[in-house]
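Everything on this sheet refers to the single structure shown next.
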Amino acid sequence: MKEGTFMIVLVVNCGSSSLKYQLVNMDNEEVMAKGLVEKITLPDAQLTHKWGDQKKEVVQPIPDHKVAVKLVLDILTDPEVGVIKSMDEIDAVGHRVVHGGEEFAASTLITDEVMKALEKCSAFAPLHNPPNIVGIKACEAIMPNVPQVAVFDTSFHQTMPAKAYMYGLPYEYYENDGIRRYGFHGTSHRYVADRIAEVMGKKKEDLRIINCHLGNGSSLAAIQNGKCVDTTMGFTPLAGMLMGPRCGDIDPAIVVTLMDKHGFTTKEMDTIMNKKSGVLGISGVSSDFRDLGEAAAAGNKRAQLALDMFHYQVRKLIGALAAAMGGVDVITFTAGVGENGIEDRAAICNGLEYLGAVLDEERNNVRGKDTCISTDDSTCALYVIPTNEEIMIARDTKDIVSAR
Ligand code: ADP
């Protein structure tokens, strides 16, 4: 770190054709700049860079992630639109990595050994881990002396007991193939658990929390004594409630039945379940909850059915996770739908009164702000807590790099 100055962390989240970044001053957790590179590999790739209330867009061919990282560093250090003078001011890079398997129960400094373990975990997340690894390699190539940290979507869930993470399949598939529940959105669940304790002025060790991360992909986590005890996503992020384009939990026999009947390949079946199902598949309208709300209001019955199914399944899963903890003290809503879907929250909470959770309609009229939305006499509180996965990645990165 630069002598006498603060630590600056670059947070990187690489997808197959995208790279999201945030530059964070860890002295005060201020976001100095952030942005998104889209359509990497295509001729009309685009970088959108934001700092303060300003924005700059660059459209140019970006052949690979290394060029994307270089472009991000160029714009961060640009004399006109940049926020730092040189890339030497970046003290550490924190990477979002989707799958850490059973190897990683916490964020970790990236070493050659860790890279090997990450490659191994790619088998579990073939769509997500490879671009994460490409992003790490690109940063290492361009900033060889800057420490890099990996923060996993799965690690928060590694505290689940075996009775929660095992599937009722022959034990050898767990031992030999790693087939078990891993859970995802862990960084978001961890952030919200910390934040709700802070907002309520309680220790998270004293709370039984159900966090509802409801976005395009959705998952719930039961958090007791600050630790995840169960979650709704599984071996992959396909499990749990139906989501934007994903089917969620279905009878596994449906898969073989459809493959047999229609001769689908595994890839075709995978595409149906991941991209053509969920509220999109039911409604035939959209995977976006705003579109569904509008269509339902205009009388589209299938859009209404999709919403009804989503709300019902979330409510049912809240019941299951409350049972897992023997009760619940606070239910939190986060991510796109959780933070903004006023009607969605109302529909989900309509029927949670038996848990002592009573929604206050007026307080619920809120978007994207830490807010208590339950009545004063609710014995189980309801809250909106906007998630912030980037700050969690930056905090872990700072802690790990400072402790070296
Ligand atoms: P991702 O899983 O891609 O990170 P987000 O957390 O950004 O997803 O959530 C995206 C979802 O949030 C979309 O379905 C979008 O419709 C929904 N959303 C955003 N704003 C609203 C709103 N005002 N009301 C209901 N849903 C909303």
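One-based numbering, in listed order, for ligands and for the atoms of each. Nothing fancy with the numbering, it's 1 onward along the sequence. Everything quoted here is computed from the prediction, not taken from an experiment.
An N or O contact shorter than 3.5 Å is missing between His213 and ligand 1 by distance. Checked against a 3.5 angstrom limit, the closest N/O atoms of Phe289 and ligand 1 fall inside it. The shortest N or O to N or O distance between Asp288 and ligand 1 is below 3.5 Å.
The pair Arg190-Asp396 meets the salt-bridge criterion, since a charged nitrogen lies less than 4.0 angstrom from a carboxylate oxygen. For Asp376 and Arg363, the salt-bridge test passes: some basic side-chain N is under 4.0 Å from an acidic carboxylate O. A salt bridge links Arg395 to Glu29: at least one charged side-chain nitrogen sits closer than 4.0 Å to a carboxylate oxygen.
Between Ser219 and His213, the side chains place no donor N or O within less than 3.5 Å of an acceptor N or O (distance only, hydrogens not considered).
Phe104 pairs in a ring-ring contact (aromatic ring centres under 6.0 Å, His included) with only one of the listed residues (Phe156, Phe124, Phe152), which is Phe152.
Those atoms of ligand 1 with a heavy atom of Gly341 less than 4.0 angstrom away are 24 (N), 25 (C). Using a 4.0 Å cut-off to heavy atoms of Gly336, the atoms of ligand 1 that qualify are 5 (P), 6 (O), 9 (O), 12 (O), 17 (C), 18 (N), 19 (C), 27 (C). Proximity to Gly217 (heavy-atom distance under 4.0 Å) selects the following atoms of ligand 1: 2 (O). Which parts of ligand 1 touch Ala335 is read off a 4.0 Å heavy-atom cut-off, strictly below it: atoms 6 (O).
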List the atom pairs, donor and acceptor, that lie under 3.5 Å between side-chain atoms in residues 126-138 and the rest of the protein, sequence neighbours left out.
from   : atom 1 : to     : atom 2 : distance (Å)
Asn129 : OD1    : His99  : N      : 2.9
Asn129 : ND2    : His99  : O      : 2.9
Asn132 : OD1    : Val98  : N      : 2.9
Asn132 : ND2    : Cys14  : O      : 2.8
Asn132 : ND2    : His128 : O      : 3.4
Lys137 : NZ     : Glu119 : OE2    : 3.3

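Residue contact annotation: Glu339 has no non-hydrogen atom under 4.0 Å from ligand 1.
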